[in-house]
Q: 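Before anything else, here's the structure in question.
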Amino acid sequence: MLVALLAGLLPFVKMSLVVNGLVLASIIGLGAIGLTLIYGILNMANVAHGDYMTLGAYVALFFAGTLIPALGAEGGGIGPFTFGYPLLVAMPLSIAAVAAFAVAVDRLIYRRLRERGVNVVLVSMASLGVAIALRGLVQLIWSGDVQRLPRESREVWRLPMDVRVPPDSLFIAVVAIALVAATYLVLSRTKMGKAMRATADNPDLALVSGISTQRVIQWTWVMGAALAATAGVLLAVFQANIIPIMGWKFLIPLFAAVILGGVGSPYGALAGALIIGVTMEVSTQWINPSYKPAAAFALMLLVLLMRPRGLFGPRQ
Amino acid sequence: MALLEASEVVAGYGETEVLHGVSVVVDEGEVVTIIGPNGCGKSTLMKAVVGLVRVRSGGVAFRGAPIEGLPPERIVRTGLCYVPQTNNVFPSLTIRENLEMGAFVREGDYRTRMDEMFALFPDLTRQPNRRAGSLSGGQRQMLAIARALMLDPVLLLLDEPSAGLAPAMVSTVFERIREVNRAGVAVLLVEQNAWEALRMSDRGYLLVAGESRLEAAGRELLDDPDVARLYLGGRAT
Amino acid sequence: MDLLGIVDYLVGFAIMAGIYAVFALGLNVHWGFTGLFNIGIAGFFALGAYTAALLTTSSPDAAQFEDFAFAGNWSNLPLLDWGVDAWYVMGLAAAALCCGLVALPVGYVTLRLRDDYLAIATLGIAETVRLVFLNEKWLANGSKGLYRIPEFLGDVVSPGAYDYLYLPVVLVVLAVVFVAVQTAVRSPWGRVLRAIREDETAAAASGKDVFRFKLQAFVLGAMIMGVGGALFAHHVRFLAPITFDPLLATFVIWAMLMVGGSGNNWGAVLGAFVVWGIWSGTQFLPGPLGEPSFRLFMIGVLIVSVIVLRPGGMLGEERRTARGAPQAQAVGEG
Amino acid sequence: MAATAPILQVQDVVKDFDGLRAVDHCTFDVWPDAITGLIGPNGAGKTTLFNLLSGALAPTSGRIIFDGRRIDGMEMHETFGLGLVRTFQIPREMARMTVLENLMLVPAPQLGERLWASWLTPWRVARQERRIEAQALDALGLVSLSHLANEYAGNLSGGQKKLLELARTLMAEPKMVLLDEPGAGVNRILLRSIASNILRASVERGVAFIIIEHDMQLVMALCDPIVVMANGSVIAQGTPLQVQQDPRVLEAYLGGQIHGAA
């Protein structure tokens, strides 16, 4: 019904906002899929997820903006994009770094709490502590000031229906779609991906099937963090700047997408991200653009009021 | 040497001790059934053997090696697979994926084994990509058994495979279990449906209140007048 | 620093710690007693502070701002003049009321659902409140902020001596809040809250309308946070959206409650003083150790360490024993 | 049976989970002066039925009438308010609250549960608290847990938690109590005291009981009538003797034609 309503509004909406919304949605989607996987398998709300995104953006900045130029490898731009080759090198490095960080934090903190059998809310609480510490660490290393990735081009594409998009949007969408497809393949084709879904379904049966929960959890963190790091880099490209609070601010659309899609469902999170992303951008046609996060929040409350388990969650 | 030897197993949940020293032996290729009234600890014994419930004292040996205290994912690698009574499939995974999960620790190719399973359980063959959550009770039970068999175990532990099934389905399930056993797999069965189960068993144990009361050949246990009395109250002699 | 300087510093310190203690008590009602996971304290903090400020602050020179209409300064209305700064008290009450009114509908939607949905909801409140005060320039001057928020009792003391007047005010309000919270959580009402925290289903099986009690606790905690915000507004006398950064308006308060001992009101107050002491003390540390970023990092580490190493905090929860019952043997914590 | 009208009527109740039918067209009555036993093999749907009766779950179809009022679909605190109290198979205590507090929580409605009351009229709350405390100490005495009144409930042993559950139901002054396996994990002596407490509550206070229990000795000695469930349906009901001799019951428990085999 909600979808029909949104579709009905479509003729009155500026297409460029919809396009922008889809780009934003692909970033939200990357973050939300990771978040919902962690939610489904570890049963915890990872409040630090936004800060994993931040970390991803900063690590990429370090490689693309500091280390690679310092090594003298002048990249130059790639076609019309604002960034150069260094970013393409930096992205996988950033993914690896954030994934390693996430696994280490799990070993050091969450695993101990799990073994003690504490309430899941307390584990989420611990992730709040991790979020705070991580942000402090980021500020300590990179300072709290606004930073920018090196910018090589300022082109804008003009498309029909008065749509103007920076070429970067295409890049963001392509990377996001590729990663979502990769995630889908991992979850549906690889043994570990299936084991992750199996563990989310029924942890005890997974155990007696010989699936090591410990390893599943480790890979969940690797995937979730990798997606978060990518989302962070793409967000940095999208908003053309990097600040320590960018990830924390992004938590609202992330969780809104997860909750809309039904906790634990990767496909639901993706659909939720589309709705949230487009709503956020399109809302700016009528309201002050800085209220975008509030629009996402309001939509989430509205949906929870009507469908407490999300749009795509189980009915019972 | 016995295949499985549980001796004087004491186990329970939290503060509650359910098993007060139960001993059960299964030999190669045997079907052994444990019967007993509700709450006597049959399921707990199963869970203790596979490592889901901690064994507080006593021992469990499989093929001569002690396995008590090992985590479940290690125990299944020794060739001992378990089918829980309820929640025994992964509902959001397809039939094929459920079977793959059964073969999780298997090295190398498991496709031949999967084909064997589809041959053994023809009900599952028709729609291998159907989600397990949408199967009927009987089909789920077949899938659950097939999942456990994917590892080619020497011993299969089945917790009440007939529970909640329609009578016609019950005999089909038992027929399949017999076929599994004919293929050389020893089966340890916990059953409410004592009559059907004991008929196909080599031996049976009667468990009452966390203690083994009687051990006998399957049919003898069946004919023991004490059994009915123990089930429905009254005093055993 | 001479002696007077030290006393000045200590008084200023005690005011801030006292205000934070009010927040810690509010958070204790949420988390410590009921298990409600609120990570958007900043929202209620800001809402309370702005409400009190808007009620009492007279309009700055409007000519300096283009789209600033100023929605506040109700104390100009000749409605009430009861002598001893009735408007200050009105401000406190209005701050509490506003926070309660915001908490009510949001709690109504989310408190029936998973425990952690509330966390996201409170985060949403915090962000929305911040955005409103940032963008609605007519309301509270946007990013430039409100200033010249009046002192308690107007301008009876010189600005330099104001802290000496304000400390007792803060301590009195803290005492009132403390007694109110302590009374409430020790009453049968608080018993139901703790039961809900321990096992929601069992509390429902004991006939308690879990949702209603959670909603009451959420609103009460939010109102206390509103009072804290109002106290803060009249202390620093300058508010801007940037004041309510999650670090100082949410995270530090969590650290206070966790360190002091959640579920214990004395612990909440103690935690506020200890953590604020560490926070403001470390600014004198040399080099990078004194930097806000490092202190932020430490706050995070502190919260995680308490959860992992000493979940009860410094004081832990008090056990409520009955005089009429025989004494139990000493047994370790459950 | 002396009572004229049943206190609880279960009419054609069905509950489906995820395509599986856990309770299948159940119909039976419970009389106010009786201790009704609910037995049946594992997976028969007994605990699900309890969840439906107490309001933890809503039935897929059918009607449940308690004390003249429809209660299907009500929430747990609402059925409690009508005098229908349940216990859990695995005791659910408030671990970080004392035993006494666990009991004092129960009576409803309490004046002090209104937030204002403890601020504005503390003396009235205190008076009521003293009464409830005395009542709770009484209940503890009945189940012989007085010495543990100030202990954290989480520190009790499994059997003591069972007794606490029982005391909790006594505190509620209920019309009907649903007991889910009061005997599980409880030693013989404790079991006897639980049984005598149930009997006393039934006779002296006229409380109706439905008991799920696997200890057949206890069921046969305590309960009359007995309702037998299998595969989600009621397959027999009657006196202990009738049930014991009913071939369908034996079949449900032991499967197949046991007499034919002999």
Q: What residues, two or more places apart in sequence or in another chain, satisfy side-chain contact (heavy atoms from CB on, under 4.5 Å) together with B:Arg182?
A: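 Residues passing side-chain contact (heavy atoms from CB on, under 4.5 Å) with B:Arg182: B:Glu175, B:Arg178, B:Glu179.
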
Q: Is B:Ala148 in contact with chain A via its backbone, its side chain, both, or neither, using a 4.5 Å heavy-atom distance?
A: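 Answer is neither: B:Ala148 stays 4.5 Å or more from chain A.
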
Q: How far does CD of B:Glu97 sit from CZ of A:Arg189, to the nearest 0.5 angstrom?
A: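 The distance works out to 9.5 Å.
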
Q: Are there more than 12 heavy atoms of other residues, nucleotides or ligands under 6.0 Å from atom OH of A:Tyr184?
A: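 No, because the 6.0 Å sphere around OH of A:Tyr184 holds 12 heavy atoms or fewer from other groups.
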
Q: Just checking heavy atoms, which of residues 70-79 of chain B are less than 4.5 Å from chain A?
A: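 Counting heavy atoms that sit under 4.5 Å from chain A, the residues of residues 70-79 of chain B involved are B:Pro72, B:Glu73, B:Val76, B:Arg77.
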
Q: Ignoring hydrogens and angles, write down the donor-acceptor pairs under 3.5 Å from the side chains of residues 213-220 of chain A, residues two or more places apart or on other chains.
A:
from, atom 1, to, atom 2, distance (Å)
A:Gln214, OE1, A:Arg111, NE, 3.2
A:Gln218, OE1, A:Arg107, NH2, 3.1
A:Thr220, OG1, A:Val216, O, 2.7

Q: Answer with side chain, backbone, both or neither: which region of B:Leu52 has an atom nearer than 4.5 Å to a non-hydrogen atom of chain A?
A: side chain

Q: Using every non-hydrogen atom in the two residues, find where B:Phe104 and A:Ser209 come nearest and quote the distance to one decimal.
A: CB-O, 3.9 Å

Q: Considering only heavy atoms and a distance below 4.5 Å, find which of B:Asn87, B:Leu151, B:Val105 pairs most often with chain A.
A: B:Asn87

Q: Count the heavy atoms belonging to other residues, nucleotides or ligands that lie under 6.0 Å from CZ of B:Arg113, then report whether that count exceeds 12.
A: yes

Q: For B:Val89, is it the side chain, the backbone, both or neither that has a heavy atom under 4.5 Å from a heavy atom of chain A?
A: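 Only the backbone of B:Val89 comes within 4.5 Å of chain A.
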
Q: Just to be sure I understand the criterion: a residue of residues 196-207 of chain A counts if one of its heavy atoms is under 4.5 Å from a heavy atom of chain B. Which ones qualify?
A: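 Within residues 196-207 of chain A, the residues under 4.5 Å from chain B are A:Arg197, A:Ala198, A:Asp201, A:Asn202, A:Asp204, A:Leu205, A:Ala206, A:Leu207.
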
Q: Count the heavy atoms belonging to other residues, nucleotides or ligands that lie under 6.0 Å from NZ of A:Lys194, then report whether that count exceeds 12.
A: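 Yes, enclosed.
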
